[in-house]
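When reading the values below, keep in mind they use all heavy atoms of this one structure, side chains included, and skip hydrogens, waters and symmetry mates. FYI, the numbering just counts along the sequence from 1.
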Amino acid sequence: MATTPATTVDDVPAPSSTRRERTGWYFYDWAMSAFSTTVITVFLGPFLTTVTELAAGCELGADTCSGHVYPLGIKVAAGSYFPYLVSLSVFLTVFVLPVVGAVADRSVHKKRLLAAAAFTGAGATVAMLFVTGDRYLLGGALFLVANIAFGAGVVVYNSFLPQLGGPDDRDGISSRGWALGYLGGGLLLALNLVAVQSLDNGQPERTLDLARWSIVSAGLWWALFTLVPLRWLREHPTPAALHGGGNVLTDGFRQLGRTLRQLKAYPLTLFFLLAFLVYNDGIQTVIALASQYGTEELRLEQSTLIVTILLVQFLAFGGALLLGALARRIGAWKTVLLSLVLWTGVILGAFRLPAEAPLPFMALGAAIGLVLGGSQALSRSLFSQLIPAGREGEYYGFYEISDKGTSWLGPLAFGLVFQLTNSYRVGLVSLLIFFVVGFVLLLAVPMRRAIVAAGNTPPRVL
């Protein structure tokens with residue numbers, strides 16, 4: 001069953017897609033989300049930090065470690081090694097992702113790029129099996145490769161969205177993809193957590209081995225389910241790709257240079273990116289610091305945090321579909337604005353949570369899950385309306401940088417406020433500024449005019 005074709009401002013039919021093709025696209029979100037949840041959110045940080053502490057001469061299972069390691073001759077505290085790696089990977093993606101997007105736009109074999117990114121990232125994740133003993137450098141190198149490949153795959157994957165349906169279809173397509181991603185990522189995480197709880201005998205060696213195998217399982221899941229989109233997706237080469245005739249890589253660099261020079265021709269698109277950068281930074285910070293807030297300020301048990309993480313994952317599946325359905329009625333722009341109001345309520349609710357009370361914390365996690373998937377999915381589909389035709393990869397490269405490359409702003413604000421007040425609650429409330437300013441900026445974007453200025457046809461409802 002194909003989506004209903006729309007018409008562009010030039011009266012050229014918008015691309016349509018079959019149900020099979022769209023399902024294939026959804027399944028890449030199912031595949032890659034295992035890396036986000038099992039690897040990044042839960043297991044890799046503690047695992048790699050433990051390996052680094054062993055390299056620093058600390059005993060396995062020690063409560064504290066003041067040792068240091070010396071990657072490239074630089075003195076690094078063992079506990080700081082993983083956060084520094086995260087920062088380095090984010091820094092590198094700022095340069096890599098726009099290039100990947102430009103190459104994707106110039107290639108007639110975009111699926112091959114998706115396969116290269118996915119299998120590189122999945123392979124590096126599976127290779128964590130060999131990070132044993134004190135091999136912290138190997139673990140760090142594999143993480144850098146996997147995380148950068150993950151970002152590259154997201155750019156190529158997102159660039160398919162405008163080619164899967166007209167402007168009235170994309171909110172639903174994006175929401176279903178994001179929902180399936182949360183479901184897949186949550187399912188594998190649940191299986192891994194059940195395995196850990198069942199098999200962990202309290203010995204540090206066993207705990208480390210279980211974490212290692214959980215990470216490896218995410219790489220296998222990522223690789224296996226990537227076969228579905230590679231089988232079911234169709235190529236949608238741009239005119240530039242069909243008539244390029246030159247070297248794809250060098251042409252991609254040239255096109256990226258032209259796009260950077262021409263960005264000022266689409267100021268409203270840039271203004272939307274600014275709004276997204278601000279409010280998405282607030283979202284990412286809430287996700288990143290929720291566990292720390294729960295343990296340090298609310299004094300909750302690890303089991304409560306695990307249940308809440310799973311609750312967020314599975315409710316985000318329903319939340320993405322729920323807000324996607326709402327967007328069909330009132331429009332994606334209004335729905336995202338509403339979600340930012342709800343995020344503001346989440347922050348205020350978190351400020352008032354009582355300590356040592358797991359049920360209110362889980363209830364707040366449920367609220368986060370319901371609003372999380374929809375706000376992210378609809379932001380992605382909204383941005384697809386603001387991209388000049390044929391430059392989907394490049395612009396989604398910039399979008400991914402706005403999504404991941406600036407996610408240090410919220411934690412920095414939180415950290416500074418905590419340092420001044422010594423209160424996690426006040427630090428959390430400082431994040432309100434991101435949602436309030438993001439709401440105001442997004443409200444100020446004249447979406448219909450911005451879509452037309454990018455050469456596209458606005459959806460019937462915004």
Test log, rule side chain to side chain contact (heavy atoms under 4.5 Å, CB included), inputs Phe434 and Phe439:
CA-CA 8 Å; Phe434 290 91; Phe439 177 92; over 6 Å; no

Would you sort out whether Met362 and Val307 count as a side chain to side chain contact (heavy atoms under 4.5 Å, CB included), showing the intermediate values?
CA-CA 8 Å; Met362 291 180 185; Val307 171; 3.9 Å; yes

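- Here the side chains of Val108 and Glu235 are not in contact, with every heavy-atom distance at 4.5 Å or above.
- Sorted by first and then second residue, the ring-ring contact (aromatic ring centres under 6.0 Å, His included) pairs with a member in residues 341-369 read Trp343-Phe435; sequence neighbours excluded.
- Residues Met32 and Tyr157 are in side-chain contact: their nearest non-hydrogen atoms beyond the backbone lie under 4.5 Å apart.
- Side-chain N or O atoms of Arg135 include one that pairs as donor or acceptor with a backbone N or O of Phe130 at under 3.5 Å.
- Heavy atoms only, all atoms of each residue included: Arg176 and Leu321 are closest at CG-CD2, 3.8 Å.
- Here the rule is ring-ring contact (aromatic ring centres under 6.0 Å, His included) with Tyr136, and of Tyr70, Tyr81, Phe143, Phe82 only Tyr81 fits it.
- Scanning both residues, Thr335 and Ala327, for their nearest heavy atoms gives OG1-CA, 3.4 Å.
- Applying the side-chain hydrogen bond (donor to acceptor under 3.5 Å, both in side chains) criterion to Ser217, with sequence neighbours excluded, gives Asn192.
- The closest donor-acceptor contact from the side chain of Thr120 to the backbone of Ala117 lies at 3.5 Å or more, if one exists at all.
- To the nearest 0.5 Å, atom OG1 of residue Thr207 and atom CG of residue Asn201 are 7.0 Å apart.
- Contact of the Lys111 side chain with the Phe160 side chain is registered, since non-hydrogen atoms from C-beta on lie closer than 4.5 Å.
- To the nearest 0.5 angstrom, Leu382 atom CG is 8.5 Å from Tyr399 atom OH.
- Using a 4.5 Å cut-off on side-chain heavy atoms (C-beta onward), Phe35 and Trp221 make no contact.
- Residues forming a side-chain hydrogen bond (donor to acceptor under 3.5 Å, both in side chains) with Ser379 (at least two apart in sequence, or on another chain): Tyr279.
- By the 4.5 Å heavy-atom criterion applied to side chains, Leu193 and Leu189 are counted as neighbours.
- With respect to Arg206 and Asp209, no salt bridge is recorded, no charged nitrogen being found less than 4.0 Å from a carboxylate O.
- The minimum heavy-atom distance linking Ser175 with Ala377 is given by the pair CA-CB, 3.7 Å.
- From Leu359, atom CG reaches atom CG of Leu353 across 11.5 Å, with rounding to the nearest 0.5 Å.
- Applying the side-chain hydrogen bond (donor to acceptor under 3.5 Å, both in side chains) test to Gln376 and every residue at least two apart in sequence or in another chain returns Trp178, Tyr182.
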Would you give me the side-chain donor-acceptor pairs under 3.5 Å for residues 36-47, sequence neighbours excluded?
{"residue": "Thr37", "atom": "OG1", "partner": "Ser33", "partner atom": "O", "Å": "3.0"}
{"residue": "Thr37", "atom": "OG1", "partner": "Gly185", "partner atom": "O", "Å": "3.1"}
{"residue": "Thr41", "atom": "OG1", "partner": "Ser36", "partner atom": "O", "Å": "2.8"}

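- Between Phe276 and Phe383, the ring center distance fails the sub-6.0 Å criterion.
- Across Val103, Leu233, Val156, a single residue satisfies side-chain contact (heavy atoms from CB on, under 4.5 Å) together with Lys110, and that is Val156.
- The aromatic rings of Phe225 and Phe27 sit parallel, their planes meeting at an angle under 30°, below the 60° perpendicular limit.
- Annotation: side chain of Thr269 is not in contact with side chain of Ile387 (no heavy-atom distance under 4.5 Å).
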Pair Leu227, Phe119 - check side chain to side chain contact (heavy atoms under 4.5 Å, CB included), show working.
CA-CA 10 Å; Leu227 297 175; Phe119 292 139; 3.9 Å; yes

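- With rounding to the nearest 0.5 Å, the separation of CG in Leu311 from CD1 in Ile368 is 10.0 Å.
- Taking CZ of Arg212 as the reference point, atom OG1 of Thr132 lies at 6.0 Å (rounded to 0.5 Å).
- Under the rule for a side chain to side chain contact (heavy atoms under 4.5 Å, CB included), the partners of Arg231 that lie at least two apart in sequence or sit in another chain are Arg20.
- In this structure a side-chain-to-backbone donor-acceptor pair under 3.5 Å is present from Thr52 to Leu48.
- Val76 has its side chain within reach of Pro71: a pair of non-hydrogen atoms, C-beta onward, lies under 4.5 Å apart.
- Ring orientation note: the planes of Trp222 and Phe150 are nearly perpendicular, at an angle over 60° on the 30°/60° scale.
- To the nearest 0.5 angstrom, Leu298 atom CG is 10.5 Å from Thr304 atom OG1.
- Here the closest heavy-atom approach between residue Tyr396 and residue Arg380 is recorded as OH-O, 2.8 Å.
- Closest non-hydrogen pair, Ala115 versus Leu230, comes out as CB-CD1, 3.6 Å.
- Here the closest non-hydrogen pair linking Ile215 and Thr125 is O-CG2, 3.3 Å.
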Evaluate the side chain to side chain contact (heavy atoms under 4.5 Å, CB included) criterion for residues Ile283 and Ser375: first the C-alpha distance (whole Å), next the side-chain angles of each, then the deciding distance (0.1 Å), finally the verdict.
CA-CA 9 Å; Ile283 294 173; Ser375 56; 3.8 Å; yes

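- Between Leu441 and Phe272, the closest side-chain pair of non-hydrogen atoms is not below 4.5 Å.
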